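Notes to accompany the following structure.
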Amino acid sequence: MSTPTVALGAKQRTPLRPARILLHVFLIGTSLAWLAPLLWAVFAALRPYSETSTKGYVSWPDKLNFDNFKNAFEQSDMLHYFGNTLLIAVPAVLVTLLLSSMVAFYVSRFDFRLNIFLLLVFTAGNLLPQQVIITPLYRMYLLIDLPGITMSGKLYDSALGLVLIHVAFQSGFCAFVLSNYMRMLPHELTEAALVDGASVWRMYWQIVLPLCKPAMAALGTLLSIWIYNDFFWAIVLISTGENMPITSALNNLSGQYFTDPNLVAAGALLTAIPTLIVYFVLQRQFVSGLTLGANKG
């Protein structure tokens with residue numbers, strides 16, 4: 001009795017089912033819905049305003065160029081505001097990851113009565129709406145004098161003030177994520193180090209923290225994007241135009257009586273470039289950090 005043989009390497013096609021077709025149609029439609037505003041902004045930024053004002057935005061373009069991007073970069077003094085943003089985002093991300101990893105290490109590797117309560121206190125800060133505390137926080141910033149430390153002489157209207165508020169609001173979420181990840185690490189690692197005479201700092205810095213690189217990279221990517229895109233705290237706690245971050249620099253593209261939407265679209269696209277660079281550089285670590293524990297039984 002002969003049996004049919006299947007050629008090696010032949011691909012078996014799965015039959016197309018109505019449910020699978022509907023799923024793909026839904027995913028394609030959702031992707032287009034998410035990309036439509038971005039593609040429309042790119043289309044508007046490449047067209048001169050004189051053309052869109054005459055023919056309308058829903059029309060076939062006669063000419064596409066990068067003049068709006070050049071004008072937006074020069075008129076908004078974007079390079080200066082990029083520097084302001086780096087002065088805020090880089091220290092805020094590093095300090096947040098350092099402090100939150102310390103808290104996560106303590107609550108995940110040591111057992112004590114207030115273990116969970118301490119973690120909840122850090123996490124509770126993320127549950128409080130920012131608009132609720134803005135008035136007392138604004139007045140507190142005005143009362144704190146820092147002569148010789150900030151150019152304004154106060155915590156208000158300074159990069160330090162924005163760094164501190166970002167660290168305060170983001171540390172709770174990072175401590176929660178890192179504590180859950182550190183609980184997955186074998187306790188035998190720190191126990192063996194303790195037997196060998198390692199100090200608590202050495203266990204944290206040389207044993208646990210290097211193993212948390214994927215989670216730290218994922219959180220670093222998210223923090224960079226969140227802090228970079230912040231507009232609320234920058235517009236409330238900064239009053240001097242030269243001290244504002246990049247998200248506030250787009251205001252320089254708006255005139256008192258007239259605003260060129262194509263120019264603003266080009267400026268918005270330029271401000272998004274650094275976040276894309278951060279994501280693509282840390283893409284592998286970001287994805288691996290988000291999928292940690294997905295296959296854990």
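All figures in this text were calculated on a predicted structure; none of them were measured in a lab. All values below were derived from every heavy atom in this structure, side-chain atoms included, with hydrogens, water molecules and symmetry-related copies excluded.
Ile246 contributes atom CD1, which lies 4.5 Å from atom CZ of Phe82 (distance to the nearest 0.5 angstrom). To the nearest 0.5 Å, the span separating OG1 on Thr247 from CD1 on Ile235 amounts to 8.0 Å. Remark: Thr240 OG1 to Tyr156 OH distance equals 7.5 Å, nearest 0.5 Å. Atom-to-atom distance recorded for Phe26:CZ and Leu22:CG is 11.0 Å, nearest 0.5 angstrom. Rounding to the nearest 0.5 angstrom, the gap separating the CG atom in Asn229 from the OG1 atom in Thr271 is 7.5 Å. Between atom CD1 of residue Ile165 and atom CG of residue Leu237 there is a gap of 6.5 Å, rounded to the nearest 0.5 Å.
Heavy-atom minimum distance, Ala92 versus Ile227: CB-CD1, 3.7 Å. Closest approach of Ser108 to Arg183, counting heavy atoms only: CB-CG, 3.8 Å. The two residues Leu211 and Pro214 make their nearest non-hydrogen contact at O-CD, 3.9 Å. Across Leu263 and Ala72, no two heavy atoms sit closer than the pair CD1-N, 3.5 Å. The two residues Ser59 and Phe43 have their closest heavy-atom pair at O-CZ, 3.6 Å. What you find for Asp157 and Ser239 is that their closest heavy atoms are OD1-N, 3.2 Å.
Each of Leu35 and Val42 belongs to its own hydrophobic cluster when Ile, Leu, Val, Met, Phe, Trp and Tyr are linked at side-chain heavy-atom distances under 4.5 angstrom. Put simply, Met102 and Leu185 are part of the same group of oily side chains (I, L, V, M, F, W, Y) that touch within less than 4.5 Å, one to the next. Hydrophobic clustering (ILVMFWY, side-chain heavy atoms < 4.5 Å, transitive): Phe105 and Met184 are in one cluster.
Within the 3.5 Å criterion, the main-chain N or O of Arg47 finds no donor-acceptor partner in the side chain of Asn65. Side-chain N or O atoms of Thr190 include one that pairs as donor or acceptor with a backbone N or O of His187 at under 3.5 Å. A donor-acceptor contact shorter than 3.5 Å is absent between the side chain of Asn262 and the backbone of Leu46. Checking side-chain atoms of Asn68 against main-chain N and O of Ala45 turns up a donor-acceptor pair under 3.5 Å. A distance-only check finds a donor-acceptor pair linking the side chain of Lys154 to the backbone of Leu142 [under 3.5 Å].
Remark: Phe73 engages no residue in a ring-ring contact (aromatic ring centres under 6.0 Å, His included) (not counting sequence neighbours). Taking Tyr81 as the reference, nothing meets the ring-ring contact (aromatic ring centres under 6.0 Å, His included) condition, with sequence neighbours excluded. In this structure Leu120 satisfies the side-chain contact (heavy atoms from CB on, under 4.5 Å) test together with Ile116, sequence neighbours excluded. Taking the salt bridge (charged side-chain N to carboxylate O under 4.0 Å, His left out) definition, one finds that Lys55 meets it with Asp62, sequence neighbours left out. Under the side-chain contact (heavy atoms from CB on, under 4.5 Å) criterion, Leu209 pairs with Ser101, Tyr204, Trp205, Met216, not counting sequence neighbours. Qualifying side-chain contact (heavy atoms from CB on, under 4.5 Å) partners for Ser100, counting only residues two or more places apart in sequence or in other chains: Cys174, Ala175, Leu178.
Two residues are said to be in side-chain contact when any heavy atoms from C-beta on lie closer than 4.5 Å; Ser224 and Val90 fail this criterion. At a threshold of 4.5 Å between non-hydrogen side-chain atoms, the residues Ile207 and Arg202 do not count as touching. Taking 4.5 Å as the limit, some side-chain heavy atom of Val208 sits within range of a side-chain heavy atom of Met182. Proximity of Tyr141 to Leu164: side-chain heavy atoms (C-beta onward) are separated by under 4.5 Å at one or more points. Side-chain contact check for His166 versus Ile88: some heavy-atom pair is nearer than 4.5 Å. Between Ser31 and Ile28 there is no side-chain heavy-atom pair separated by less than 4.5 Å.
By the neighbour-count criterion of 12 heavy atoms within 6.0 Å, atom CH2 of Trp201 is densely surrounded, having more than that number from other residues, nucleotides or ligands. Other residues, nucleotides and ligands contribute more than 12 heavy atoms inside 6.0 Å of the OH atom of Tyr228. Within a 6.0 Å radius of CD in Gln131, other residues, nucleotides and ligands contribute more than 12 heavy atoms.
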Test side-chain contact (heavy atoms from CB on, under 4.5 Å) applied to Thr54 and Tyr49, step by step: CA-CA 8 Å; Thr54 304; Tyr49 179 75; over 6 Å; no
Derivation of the ring pair (Phe, Tyr, Trp, His ring centres under 6.0 Å) call for Trp226 and Phe173: CA-CA 12 Å; Trp226 291 342; Phe173 172 76; 5.6 Å; yes
Audit row: Leu94, Leu98, side-chain contact (heavy atoms from CB on, under 4.5 Å) steps and yes/no: CA-CA 6 Å; Leu94 295 179; Leu98 178 64; over 6 Å; no
From CA spacing to verdict: side-chain contact (heavy atoms from CB on, under 4.5 Å), Phe110, Val200: CA-CA 11 Å; Phe110 295 93; Val200 175; 4.0 Å; yes
Leu162 and Ile238: CA distance, side-chain angles, deciding distance, side-chain contact (heavy atoms from CB on, under 4.5 Å) verdict: CA-CA 8 Å; Leu162 287 182; Ile238 298 291; 3.7 Å; yes
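Ring-centre distance between Trp233 and Tyr138: not below the 6.0 Å cut-off.
Remark: the Ser179 side chain and the Arg109 side chain contain no N/O donor-acceptor pair separated by less than 3.5 Å.
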